[in-house]
Structures are given as C-alpha cells and as structure tokens.
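So that the names make sense, note that chain A is the first sequence line, chain B the second, and so on, each numbered from 1. Note that the structure is predicted; figures quoted are calculated from it, not measured.
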Number of protein chains: 2
Amino acid sequence: MIKAIDETRIENTRSNGSSNLEILTAAAECFMEQGFHATSIDDVARRLGATKGRIYHYYSSKTDLFFDVHREGMARLFNAVKPAMKGEGDGVTRLGRMLKNHALAMMESLAFETVVVQGVHMHRLGATTPAQRRTLDELMIIRDEFETLFKIVAYEAAEDGSLASRDISITVKTILGAINWLAIWYRPRPDETEVDREILAAKIVETILSGLRRRE
Amino acid sequence: MIKAIDETRIENTRSNGSSNLEILTAAAECFMEQGFHATSIDDVARRLGATKGRIYHYYSSKTDLFFDVHREGMARLFNAVKPAMKGEGDGVTRLGRMLKNHALAMMESLAFETVVVQGVHMHRLGATTPAQRRTLDELMIIRDEFETLFKIVAYEAAEDGSLASRDISITVKTILGAINWLAIWYRPRPDETEVDREILAAKIVETILSGLRRRE
DNA sequence: CAAGTGCATACTACTGAGTATGTTTCTGGG
DNA sequence: CCCAGAAACATACTCAGTAGTATGCACTTG
C-alpha cells in the first residue's frame, strides 16, 4: 500500500523546480501541530535540523510550501480512493471500500491530511499574490474532483438500488465529514499496527453504511 | 428558540469581570473567516467600528477572547442538545433529536461553532501562560462532557435495543464528525429560512440514523 | 576548473500583541 | 445639583517575533 503510494506519487514540482519530501513531511507535521500561521519557517527548519536557507532554496514562500503539502495530501487521498471505485460489488459496497481506504489514508498520512482539512477552511482566506490565488483555486478544484469521485459512485449506487438516500450531495458531504473528522480526534497509539487501523476503519464504515438504528 | 438561548445563556464573565456579546460576535466572525492566528485584534476592532482599546478593556488577551468565544459556542450547543435528551421515543429516536438540534445550532451560530471546531484542534497547541493552559483544559473538559451527553443516550439506545452499533465511543465520534463538518461546508444562502435549515438538518440526521444501504 | 547546486549565516523590514496614557461619559454620595 | 471617581473607550506608543533577502561558502559535476 505504502509502496504503491510512492510509486504513483504525482509530480511534486513547485516554483523552484525540484521538491523535497523530507521538507514536506516536516512542514506537514508543524502545520498539523500548530496550524499554518502559528508555524514559522524556522520551526520547520528546526524540525529538519537545518536552517531557513534550505527551505527557501526549494520553496519561494511559506504559502507555496503549504500548498505543496496540501497537494501531496490530496495526491495520497486520490491514490487511496480511486482504485476502490471499480471492481465487484454494488454501488454501496464500492462506496464502502472507498470510505475505508479514505479512512486508512487519513490515519497513515495524518499530518498531510490534517493540512488538507485546514486548507479547505482556508479557502476564503485572501491569498496574497494573484499567483497564489490561482494555485489555491486549483487546489479547491482538485478537492471538488475528489468529492466528485464519491458522488459518481453514489449515483451508480442510487441507480442499482443499493443506496437509500435521495440527496446525493448532502449525503456525500455528511459521510466525508465523518471520515475527515478523524483528523481532529485520531492519534496513533505507539504500539498501533496496520491491523488496528483496519479494524477502526471498518467500524467507522460499518456505522456509515448501516446507520445507527438496528435493522430487523 | 433563539430567545430561549438568550434566556438560558450561562454567565460569560471573564478576566475583567463583564463581557460583551457584540465583541464576542465580531471576534467569532473574524476567527471563522481567518482563523485564530491570522486574525489580529485590530481586525476585530475594525469590524466593530472601534479600536483595540475597547477590546482590551474587556479581555486581557487575544487568547482569552478566543476562549470566551469558545465558551459561548459550547454553551449554545448545550442549550440546543440537552433538552432533547429526555422525552418520548427510544434511544435512537432521542439521539436523532439531539443530532438535529446540534446541526441546527451549528447553522444558526456558525461563527461560534466554527471557533469551537478550531478550539478542538488547538488542544495540542502550547497555550503560553499556566492560567491559559488551565482555561484550555477546562474547555476541553466541557467538550468531553458534551460528547458524553451523546454517549449516555447511545448507551441507553444500546440497552433498549434500538442502536445497532457495538463500539459506542467510535460511533459517537463518527456521527459528531458528520455534524461538525457543517462548519466547513455549510454557508447560509441569503434567502434562507428556518425551514430550509430544518430540512437540511433532517436529511443529515436521516442519513446518520438509517445509513447509506437501503433497508428491505 | 568554472559554473552551478545545496545549503548556512546575517541581515532587513514589517506586522501585530500588548501597554501606557489620555479623554469623555456615566454614577452615586454629600 | 455638584463633583470625585470609576467606567468605557481612543490614541500613541514599544518591542518581540517572523517572512523574506542578500550573501557567503563548501561541494559536486561536466
């Protein structure tokens, strides 16, 4: 799974040409713990055991760094969810697979996905330069596309009769909220294994698919 | 409903003694739009048509102001949800009422509740002074109590057989995530009425209670 | 060995939290 | 009715933190 993510990682080129996963990871962790504005470039550098110079060599601004972390987070979500769209099972079954993979990606790349959640909230924020504004819009388009993946399969599920709901848009937003909320409350335990995460993801998906009320 | 909130509003006294709902509201809106760190005290003052002096007359620091907004947001959630715990219906029915009221409160006090959501995320953040650290811990206790309200009724629902789920803690976190996510995507339309919000809340709750998969 | 690459060091300039100090309006006791 | 004194702000500062820059320096590569 993780190897698959690495192999299919989309290009991460930014302003200065090359990228640097080490920097991205350190930045993601800082942004997760303190948020974008409370994180100084020096904080990220300190976590790297380096200085500003290294970061500004690769990224032209703090905002661009944030954007690239966001980009990486979205890429991982796509890589996790897209393969689950096709395959066997009715619409809701496939939706369940997508949700489970989404949840697992949230846990495995918690720092990046927390930044993604922050980024959504940042939409309104006036990004300073026009170039940054364009990048931000582009990121929001990617986010919409991600949501659309779920809408597509939800429509298919409505047509094959496996989906109960009527209002697809609200339904998708609701269930994605349940998953994304992991960024708020989930913290990995030190001794946690992949299996533990699978179990947690399965429980969450089960709740979403079956609902709270017992079925007869 | 709104009048009821005002009547039962808990005391909002802070450092300097008295409070000021006007300031709290302006601050909540700024924090919602830009986040805590990106919001300057001057921003809040500008929105009030005033200057820093007014704000620092009532609040000893930006952090304390944030805390009081959070407090107000939590108070509104409690006032919305608590009355729905008791009354007729099985456990899941009452849970549904609580969730619906929660969703409505999110929409009606969007700015305050967005700050509450931010506050949860801020938990890890090192609040500077020991006094602020204590206040932050206190706020998190209040949040836990809020979550406990749902757990209590969920346990009752498990006992009366109306609840399908086994893991109460994960179930509650999942469904609260679905509701809280409203803070991210919900934006009131200009011509929106109370009825519109009721319909939206009902759809969300229906999705949570019944689940995605169609029942035979 | 010349030209870049990959950083570190040492600055600058500005923003923004908090403070110190007016200035005006209210309030309550004589 | 008058007038301390407090309450409710506004104005004008200070100063620490931080984004971004300019420059230096080792090390690689063609």
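- Whole-Å rounding puts the B:Arg54 CZ to D:dA7 C1' distance at 13 Å.
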Kindly indicate, with the supporting measurements, whether the criterion side-chain contact (heavy atoms from CB on, under 4.5 Å) is fulfilled by A:Ile208 and A:Thr174. CA-CA 10 Å; A:Ile208 294 172; A:Thr174 301; over 6 Å; no
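- Here C:dA17 is the nucleotide among D:dA10, D:dA19, C:dA17 with the atom lying nearest to any side-chain atom of B:Lys62.
- Whole-Å rounding puts the A:His57 NE2 to C:dC7 P distance at 7 Å.
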Any N/O pairs under 3.5 Å between the protein and nucleotides 26-30 of chain D? List them or say none.
none

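- Counting only heavy atoms from C-beta on, B:Ser61 has its side chain closest to C:dG18 among D:dA19, C:dG18, C:dC7.
- Atom OH in A:Tyr58 sits roughly 10 Å away from atom P in C:dA8 (whole-Å rounding).
- Checked against the 6.0 Å centroid criterion, the rings of B:His102 and B:Phe146 qualify as a close aromatic pair.
- Around CD of A:Glu198, the count of heavy atoms belonging to other residues, nucleotides or ligands within 6.0 Å exceeds 12.
- Side-chain N or O atoms of A:Gln118 include one that pairs as donor or acceptor with a backbone N or O of A:Phe31 at under 3.5 Å.
- Between the side chains of B:Thr171 and B:Asp167, no donor-acceptor pair is found at a separation under 3.5 Å.
- Between A:Lys52 atom NZ and C:dA13 atom C1' there is a gap of 12 Å when expressed in whole angstrom units.
- Between A:Glu147 and A:Leu176, the shortest heavy-atom contact is CG-CD1, 3.9 Å.
- Counting non-hydrogen atoms under 4.0 angstrom, B:Ser40 reaches the backbone sugars and phosphates but no base.
- The separation between B:Phe36 atom CZ and C:dA17 atom C1' is 10 Å, rounded to whole Å.
- Heavy-atom nearest nucleotides on DNA chain D were determined for A:Gly53 and for A:Asp42, and the one closer to the 5' end corresponds to A:Asp42.
- Considering only the side chain of A:Asn20, C:dC7 comes nearest among D:dA10, C:dT9, C:dC7.
- A:Asp64 and A:Ser60 form a side-chain donor-acceptor contact under 3.5 Å, judged by distance and modelled atom types alone.
- Protein atom OH of B:Tyr59 is 17 Å distant from nucleotide atom P of D:dA7, rounded to whole Å.
- If you measure from atom CD1 of B:Ile41 to atom C1' of D:dT11, you get 17 Å, rounded to the nearest angstrom.
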